[in-house]
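No experiment lies behind these values; they were computed from the predicted model shown. Basis for what follows: all heavy atoms, side chains included, without hydrogens, waters or symmetry-related copies.
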Amino acid sequence: MVEDEEIKTTISPFAMREGEIKTFDGKDGYVSINQIINKINIGHITDIHFKILELVNEFEFITSRQIYQILETRGADLKSQDKLNNKLDQLIKMKILTRYYFTAEEGKGIYRIYCLEKMGKYLLNSRGIECKWQPTDNTKPVEMIKKRLAGNQVIISYMRKVKAFDSYKVKPAITAKQTGKTFKMQAGVKLSRAGKTADLVFEVVRREEGWEKKVIDRMKLIKDFYENFVQFDSGYETKPQLILVCEDEKHTIETFKIIVSNKLEIPNTKICFTTDLRQNSTSIVKSLTEFVLDEETGKYKIQELNLKILE
């Protein structure tokens with residue numbers, strides 16, 4: 001498998017593309033549960049297949065590369081990415097999983113996205129694993145899937161590259177007190193070092209249609225949560241660090257301008273930024289940035305944060 005730092009690209013694979021659509025790449029037809037049980041009984045579907053299923057269930061949408069990185073980090077003996085892809089193909093043929101790819105005017109995307117099928121839910125439930133999947137989940141639009149994939153990659157980067165990594169949440173729920181609305185961020189990470197812990201929550205921003213207004217609406221909810229925070233709100237002992245994940249550096253500036261022009265800064269709370277490609281570095285110590293006000297010019301400037309806890 002090509003390592004993150006060896007990937008040579010200037011555009012994130014999870015960035016939005018003009019006219020992009022989601023294209024089905026699964027299997028049509030019918031497979032009975034008896035056929036699947038027979039595959040299990042003769043050893044064609046094994047524990048590693050179930051580990052894959054659990055990951056797809058947990059993350060909802062995920063790439064084969066992301067599955068490989070997580071399972072490798074957990075000590076699974078996968079041999080190679082190709083071996084994993086063969087197992088994924090088996091699950092596709094049995095209609096336990098399905099997959100999609102993205103198509104735009106310039107052509108097909110370079111990766112496939114995996115998600116559950118009905119048979120996958122049955123198998124997980126048979127092992128006592130909670131699965132809330134329903135068929136309409138697979139109809140989610142491109143922008144929602146790409147936000148999920150970008151959130152996955154943040155979690156994986158912290159899991160693989162930060163010694164202080166403790167745990168993660170795929171979709172941490174946060175409640176805006178004044179509106180009483182509970183909403184989900186795209187990723188949450190807990191770091192622990194020398195007896196101290198820090199929680200990070202990640203909001204993924206994409207250049208989808210009408211994205212500027214969506215940033216405003218989300219930031220209003222996020223600001224409500226932070227301004228009215230008291231200990232143990234939404235399960236956090238202290239305020240989690242807010243990090244916005246943008247498509248690229250230009251998008252970071254655009255997003256910050258929207259926040260400032262709509263007076264959505266959060267008093268006494270630092271808003272950090274990162275991008276998809278900043279997760280690819282061997283070390284993510286300098287993956288976060290912030291905007292600071294230059295008192296001499298009265299203008300904001302962007303600067304990198306050098307956080308030792310991310311070593």
Side-chain angles (χ1 to χ4, degrees), residues 143 147 150-151 154-155 158 168-191 196-208 210-276 278-279 284-310:
E143 61 269 17
K147 287 179 182 180
V154 167
I155 289 171
Y158 279 75
Y168 68 86
K169 292 180 181 178
V170 175
K171 293 183 281 188
I174 285 177
T175 300
K177 281 191 173 178
Q178 290 186 344
T179 61
K181 184 173 182 178
T182 298
F183 58 101
K184 293 181 178 180
M185 309 289 270
Q186 278 77 42
V189 168
K190 175 179 277 189
L191 306 178
K196 296 182 179 180
T197 63
D199 286 294
L200 316 177
V201 291
F202 299 84
E203 171 71 3
V204 178
V205 183
R206 299 293 93 167
R207 286 190 183 99
E208 57 194 294
W211 73 271
E212 297 94 338
K213 184 180 183 303
K214 291 180 181 179
V215 168
I216 293 170
D217 292 342
R218 290 285 287 188
M219 284 304 302
K220 285 179 179 177
L221 294 173
I222 292 169
K223 184 175 181 179
D224 183 349
F225 167 74
Y226 278 92
E227 285 188 328
N228 298 288
F229 181 87
V230 296
Q231 193 174 32
F232 297 118
D233 275 353
S234 299
Y236 293 101
E237 186 172 355
T238 58
K239 287 182 185 179
Q241 174 59 58
L242 173 62
I243 302 170
L244 303 188
V245 185
C246 299
E247 292 188 4
D248 50 50
E249 306 300 338
K250 183 174 180 286
H251 190 215
T252 297
I253 296 170
E254 294 168 349
T255 303
F256 180 71
K257 284 181 177 178
I258 292 170
I259 292 171
V260 173
S261 61
N262 288 277
K263 297 180 170 56
L264 292 170
E265 305 100 315
I266 306 172
N268 304 313
T269 299
K270 179 186 293 187
I271 301 177
C272 294
F273 293 81
T274 190
T275 66
D276 298 345
R278 280 179 174 265
Q279 312 309 311
I284 58 171
V285 171
K286 296 182 180 181
S287 63
L288 302 182
T289 59
E290 66 172 335
F291 289 86
V292 294
L293 185 63
D294 188 323
E295 294 182 0
E296 291 184 6
T297 64
K299 296 181 179 180
Y300 284 96
K301 61 181 181 180
I302 192 168
Q303 66 181 25
E304 282 187 345
L305 295 170
N306 190 348
L307 301 181
K308 290 188 177 181
I309 196 170
L310 298 186

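- Among residue pairs with one or both ends in residues 288-307, those qualifying as ring-ring contact (aromatic ring centres under 6.0 Å, His included) are Phe256-Phe291, Phe256-Tyr300, Phe273-Phe291; sequence neighbours excluded.
- Using a 4.5 Å heavy-atom threshold, the side chains of Leu244 and Ile259 count as touching.
- Separating the NZ atom in Lys299 from the CG atom in Leu293 is a distance of 11.5 Å, to the nearest 0.5 Å.
- Listed by chain and number, the residues in a side-chain hydrogen bond (donor to acceptor under 3.5 Å, both in side chains) with Asn262 amount to none (sequence neighbours excluded).
- Distance check, rounded to the nearest 0.5 Å: CG of Leu264 to CZ of Arg218 gives 13.5 Å.
- How far CG of Leu307 is from OG of Ser287: 7.5 Å, rounded to the nearest 0.5 Å.
- Every residue two or more places apart in sequence or in another chain that forms a side-chain contact (heavy atoms from CB on, under 4.5 Å) with Asn306 is listed here: Val285, Lys286.
- Here Lys196 pairs with nothing under the side-chain contact (heavy atoms from CB on, under 4.5 Å) rule; sequence neighbours left out.
- Rounded to the nearest 0.5 angstrom, Ile253 CD1 and Ile302 CD1 are separated by 5.5 Å.
- Contact annotation: the side chain of Ile271 approaches that of Met219 to within less than 4.5 Å [non-hydrogen atoms, C-beta and beyond].
- Scored by the ring pair (Phe, Tyr, Trp, His ring centres under 6.0 Å) test, Tyr168 finds Phe59 as partners (sequence neighbours excluded).
- Residue Arg206 comes nearest to Val245 through the heavy atom pair NH2-O, 3.4 Å, listed as atom of the first residue, atom of the second, then distance.
- His251 places a side-chain heavy atom less than 4.5 Å from the side chain of Trp211.
- Residues satisfying the side-chain hydrogen bond (donor to acceptor under 3.5 Å, both in side chains) test with Thr175, not counting sequence neighbours, are Thr182.
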Would you be so kind as to tabulate the donor-acceptor pairs closer than 3.5 Å made by side chains of residues 236-243, with sequence neighbours excluded?
unit_1, atom_1, unit_2, atom_2, d
Lys239, NZ, Tyr226, O, 3.4
Gln241, NE2, Lys270, O, 2.7

| Candidate pair Phe229 and Thr269, rule side-chain contact (heavy atoms from CB on, under 4.5 Å), full reasoning | CA-CA 11 Å; Phe229 181 87; Thr269 299; over 6 Å; no
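- Cys246 approaches Thr252 most closely through the heavy-atom pair CB-OG1, 3.6 Å.
- Qualifying side-chain contact (heavy atoms from CB on, under 4.5 Å) partners for Ser261, counting only residues two or more places apart in sequence or in other chains: none.
- Proximity of Ile222 to Ile266: side-chain heavy atoms (C-beta onward) are separated by under 4.5 Å at one or more points.
- Ion pairing of Asp248 with Arg207 is present here, as a side-chain N (NZ or NE/NH1/NH2) and a carboxylate O approach within less than 4.0 Å.
- When atom types are taken as modelled, the side chain of Lys169 and the backbone of Met185 share no donor-acceptor pair closer than 3.5 angstrom.
- The environment of Glu295 atom CD is sparse: at most 12 non-hydrogen atoms of other residues, nucleotides or ligands sit within 6.0 angstrom.
- In this structure, Glu265 has no side-chain hydrogen bond (donor to acceptor under 3.5 Å, both in side chains) partners at least two apart in sequence or on a different chain.
- Not counting sequence neighbours, the partners of Glu208 by the side-chain hydrogen bond (donor to acceptor under 3.5 Å, both in side chains) test are Lys147, Lys214.
- Taking the side chain as every heavy atom from C-beta outward, Phe202 and Val189 approach each other to under 4.5 Å.
- In this structure, Asp217 pairs ionically with Lys213, as a charged nitrogen and a carboxylate oxygen lie closer than 4.0 Å.
- Residue pairs meeting the salt bridge (Lys or Arg N to Asp or Glu O under 4.0 Å) criterion with at least one member in residues 176-190, sequence neighbours excluded: Lys177-Asp233.
- When side chains are defined from C-beta on, Glu203 counts as touching Gln186, because their heavy atoms get closer than 4.5 Å.
- Considering only heavy atoms from C-beta on, Leu288 comes within 4.5 Å of Leu310 through its side chain.
- Smallest separation of non-hydrogen atoms from Ala187 and Gly151: CB-O, 3.8 Å.
- Partners of Lys257 under the salt bridge (charged side-chain N to carboxylate O under 4.0 Å, His left out) rule, at least two apart in sequence or in another chain, do not exist in this structure.
- Leu305 contributes atom CG, which lies 7.0 Å from atom OG1 of Thr289 (distance to the nearest 0.5 angstrom).
- One distance of note links OG1 of Thr275 with NZ of Lys250; it measures 14.5 Å at 0.5 Å rounding.
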